[in-house]
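Residue numbers count from 1 along this sequence.
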Amino acid sequence: MLSRWVSGSSRSLEREYSCTVRLLDDSEYTCTIQRDAKGQYLFDLLCHHLNLLEKDYFGIRFVDPDKQRHWLEFTKSVVKQMRAQPPLTMCFRVKFYPTDPAALKEEITRYLVFLQIKRDLYHGRLLCKTSDAALLAAYILQAEIGDYDPGKHPEGYSSKFQFFPKHSEKLERKIAEIHKTELSGQTPATSELNFLRKAQTLETYGVDPHPCKDVSGNAAFLAFTPFGFVVLQGNKRIHFIKWNEVAKMKFEGKTFCLYVSQKEEKKIALTYFAPTPEACKHLWKCGIENQAFYKLEKSSQVRTVSSSNLFFKGSRFRYSGRVAKEVMESSAKIKREPPEIHRAGLVPSRSCPSITHGPRLSSVPRTRRRAVHISIMEGLESLRDSAHSTPVRSASHSDAFMSHSRSSRAESSERVAIISDEIYSPADSVLPTPVAEHSLELMLLARQINGAPCSIEEEKESEANTPTATEADEMGGEFKALCQGVGGNGGTQAAQVNKFVLSVLRLLLVTVGLLFVLLLLLIILTESDLDIAFFRDIRQTPEFEQFHYQYFCPLRRWFACKVRSVLSLLIDT
């Protein structure tokens with residue numbers, strides 16, 4: 001009896017998993033879930049912990065063992081989705097950015113969205129001009145340290161905080177000036193609301209970048225915002241497509257296609273290539289969910305979407321949950337006492353390790369005061385760890401930058417990208433990011449030599465992906481090997497030949513399959529006695545009777561004669 005109880009207890013323990021969710025303020029929530037627990041159960045536990053009712057804007061993100069990011073699906077088992085060994089680690093993030101953050105009903109919701117956009121600003125996903133950057137940073141200061149106090153805030157106090165990947169002394173002074181003179185008396189809630197209103201007006205508000213390449217091989221970022229589909233490439237936003245213009249999204253392997261219907265019955269097809277099939281599927285699912293959330297009037301209009309075409313089986317996905325209009329209607333009905341908010345100050349962040357003590361630029365020589373230089377190797381580690389890529393560019397890629405870039409080829413520690421304290425804008429800052437890890441360093445160096453700055457990047461959510469020294473050495477070896485083969489186009493030509501061969505084989509298989517189906521249908525029509533209305537109608541047509549007696553029957557007799565001849569020859573031998 002005792003042994004049975006012990007074995008039953010051990011089995012129940014095996015079915016329980018420790019789960020840690022990193023919140024937006026970098027605190028952690030730990031709980032235990034059953035093996036078959038659905039994503040909705042874990043999400044509800046988390047929202048209860050946060051006292052959050054307007055929860056449809058948020059989601060749980062995780063990284064699988066293959067280092068591919070995913071949003072946790074609420075209708076499926078948590079353990080089966082993650083495919084990872086316990087303890088399970090995830091992140092609580094904003095999944096659907098509110099179209100109008102000021103319209104959110106509860107202050108706790110606005111505060112969580114504020115934390116997310118503050119992260120976007122730091123990680124370089126929210127890009128803006130210097131004046132807007134200074135205003136946003138001043139709002140953060142006001143919300144988290146209160147009014148300016150000469151006794152508590154000595155000269156240069158804003159330099160103790162880092163709101164962006166890197167910034168200059170000039171920007172620090174502008175932040176402090178706005179905080180001192182324009183924001184006095186604002187409560188944390190008011191400052192956060194003003195911050196959200198300003199962030200909402202920026203082009204890259206709500207951007208969650210997916211690195212891809214276009215049909216010409218140029219790197220690009222695809223993103224889904226509350227207002228539509230965005231393509232960022234070559235220092236500018238090259239496409240912005242409203243949700244009501246997006247006709248269809250599909251993918252096959254690494255290929256993602258977006259079909260656009262515009263005015264005057266114009267139809268456009270945009271094709272991009274993700275680094276892996278898994279990344280392409282994730283991109284497709286994010287697009288389906290965002291379009292359903294922002295475009296549809298009711299969740300009852302949601303349909304199961306398939307990526308397959310006529311002949312090949314593809315993925316099927318159905319968005320689950322309410323849409324934006326239903327969420328707003330539900331929020332308007334909330335009637336409760338506002339929950340207490342425990343605001344986190346500007347403390348060191350696990351994903352932003354230097355967020356409180358950013359680098360000061362007072363030691364920068366006068367000839368370089370307008371530009372701060374960052375090591376490419378440091379930038380490489382930042383991209384892989386937590387996407388601390390710098391979303392700013394030089395005011396002009398001029399001689400000073402080019403001369404420094406030339407000297408950087410002789411000494412790797414001097415490889416640099418430039419950050420300007422003059423321009424900090426989305427149109428000028430957004431650049432392609434290499435999509436293959438093994439070519440990351442080479443691509444960054446190549447862009448730098450050509451006078452291009454660093455790029456925005458998606459934030460890495462899992463600490464398990466932090467590279468070790470061994471991995472860095474392996475990457476260095478791969479980089480050298482890649483440099484040796486950069487001179488020729490043999491790899492590209494071989495890839496094109498392989499694609500052509502695969503296309504021909506696929507066409508051949510489809511043709512053979514169609515012929516087989518037609519032959520099978522013909523045999524059923526002529527040789528079977530199935531009394532089905534569809535078959536009966538075909539058999540009674542004059543054309544079919546003529547074909548049957550004049551062509552099929554003689555062919556059948558000839559084929560039977562040949563078979564008998566072959567059999568008799570085999571018997572005789």
Side-chain angles (χ1 to χ4, degrees), residues 38-40 42-44 46-47 54-64 68-78 81-82 90-99 109 112-113 116 120 125 204-212 221-231 240-252 256-260 270 272 274 277-308 314-328 330 458-459 461:
K38 298 289 193 293
Q40 186 68 56
L42 176 61
F43 185 66
D44 289 342
L46 200 56
C47 292
E54 295 175 288
K55 55 187 179 181
D56 298 80
Y57 299 104
F58 302 87
I60 299 176
R61 175 173 277 164
F62 67 93
V63 180
D64 68 15
Q68 172 59 47
R69 298 195 311 168
H70 301 274
W71 287 106
L72 191 70
E73 293 187 40
F74 294 161
T75 58
K76 297 181 180 179
S77 166
V78 175
Q81 288 184 72
M82 295 194 66
M90 290 164 275
C91 296
F92 179 79
R93 297 289 183 261
V94 172
K95 186 176 183 180
F96 304 112
Y97 286 73
T99 306
T109 315
L112 293 174
V113 176
Q116 175 68 66
D120 295 345
R125 295 187 297 272
T204 48
Y205 168 74
V207 163
D208 183 19
H210 298 259
C212 292
F221 279 112
L222 309 188
F224 308 104
T225 73
F227 313 105
F229 173 80
V230 174
V231 180
F240 171 68
I241 302 163
K242 297 180 181 179
W243 283 123
N244 57 8
E245 296 177 346
V246 176
K248 184 179 181 181
M249 286 174 279
K250 60 179 290 188
F251 83 97
E252 182 178 338
F256 174 80
C257 296
L258 182 86
Y259 298 91
V260 183
L270 302 177
Y272 293 91
E278 292 75 18
C280 192
K281 184 176 181 179
H282 174 62
L283 171 65
W284 174 72
K285 289 172 67 174
C286 288
I288 297 300
E289 289 185 309
N290 276 271
Q291 185 179 27
F293 184 81
Y294 293 113
K295 180 181 178 181
L296 299 182
E297 299 284 337
K298 297 180 180 179
S299 56
S300 59
Q301 298 174 338
V302 174
R303 297 289 181 268
T304 300
V305 182
S306 175
S307 68
S308 63
S315 298
R316 294 172 63 84
F317 180 71
R318 181 184 178 90
Y319 168 73
S320 60
R322 296 183 295 185
V323 299
K325 291 189 177 181
E326 291 177 330
V327 174
M328 293 299 295
S330 176
E458 55 188 42
E459 177 187 357
E461 304 288 357

Quick one: sort the F74 and F43 rings into parallel, tilted or perpendicular, breaks at 30° and 60°. parallel
Between Q301 and L296 (side chain of the first, backbone of the second, donor and acceptor by atom type, cut-off under 3.5 Å), is there such a pair? no
Could you measure the distance from the NZ atom of K38 to the OG atom of S77? Nearest 0.5 Å is fine. 6.5 Å
Holding to side-chain hydrogen bond (donor to acceptor under 3.5 Å, both in side chains), I want the full list of residues that pass it with E278, two or more places apart in sequence or in another chain. none
Could you list the residues that satisfy salt bridge (Lys or Arg N to Asp or Glu O under 4.0 Å) with K95, not counting sequence neighbours? E289
NZ of K250 to SG of C257: how many Å apart, nearest 0.5 Å? 6.5 Å
Applying salt bridge (Lys or Arg N to Asp or Glu O under 4.0 Å) to E73 and not counting sequence neighbours gives K76, K285
Qualifying residues under side-chain contact (heavy atoms from CB on, under 4.5 Å), relative to V231, sequence neighbours excluded: A220, L222, F229, I238, H239, Y272
Mind running side chain to side chain contact (heavy atoms under 4.5 Å, CB included) on V94 and L112 for me, showing each step along the way? CA-CA 8 Å; V94 172; L112 293 174; 5.8 Å; no
Does K325 have any salt bridge (Lys or Arg N to Asp or Glu O under 4.0 Å) partners at least two apart in sequence or in another chain, and if so, which? E297
Taking all non-hydrogen atoms of both residues into account, name the closest pair between Y319 and A292 and its distance. CD2-CB, 3.8 Å
Hey, what's the ring geometry for W284 with F251, parallel, tilted or perpendicular (30° and 60° as the breaks)? tilted
Would you please name every residue forming a salt bridge (Lys or Arg N to Asp or Glu O under 4.0 Å) with K55, sequence neighbours left out? D44
Sequence-distant partners of T304, side-chain contact (heavy atoms from CB on, under 4.5 Å), two or more places apart: R316, R318
Please find the pair of heavy atoms, one from G321 and one from S299, that lie closest to each other, and give the distance. O-CB, 3.5 Å
Who passes side-chain contact (heavy atoms from CB on, under 4.5 Å) against T99, sequence neighbours left out? P226, F227, Y294
Quick one: does V78's side chain get under 4.5 Å of L72's, heavy atoms only? yes
Could you work out, with side-chain hydrogen bond (donor to acceptor under 3.5 Å, both in side chains) as the rule, every residue matching H282, not counting sequence neighbours? none
Contact between T204 and R125 at the side-chain level, heavy atoms closer than 4.5 Å - yes or no? no
Partner set under side-chain hydrogen bond (donor to acceptor under 3.5 Å, both in side chains) for Y97, not counting sequence neighbours: D120
Going by heavy atoms in the side chains, are F221 and P211 under 4.5 Å from each other? yes
Could you tell me which residues satisfy side-chain contact (heavy atoms from CB on, under 4.5 Å) with S330, sequence neighbours excluded, listed by chain and number? R322
Any heavy-atom pair between the side chains of V305 and F317 that's under 4.5 Å? no
Using the test side-chain hydrogen bond (donor to acceptor under 3.5 Å, both in side chains), find all partners of T109 that sit at least two apart in sequence or belong to another chain. E54
Less than 4.5 Å apart, any side-chain heavy atom of V113 and any of P98? yes
Please evaluate residues Q291 and M249 with respect to the criterion side chain to side chain contact (heavy atoms under 4.5 Å, CB included), reporting the C-alpha separation (whole Å), side-chain torsions for both, the decisive distance (0.1 Å), and the verdict. CA-CA 10 Å; Q291 185 179 27; M249 286 174 279; 3.3 Å; yes
Step-by-step side chain to side chain contact (heavy atoms under 4.5 Å, CB included) determination, D208 to C286: CA-CA 10 Å; D208 183 19; C286 288; 5.5 Å; no
Is there side-chain contact between Q116 and Y57, with heavy atoms separated by less than 4.5 Å? no
Would you give the length of the straight line joining atom CD1 of I60 to atom CD of Q40, rounded to the nearest 0.5 angstrom? 9.0 Å
Got a second to check how far R93's CZ is from F62's CZ, nearest 0.5 Å? 14.5 Å
Interatomic spacing from CH2 in W71 to CZ in F96 - rounded to 0.5 Å: 8.0 Å
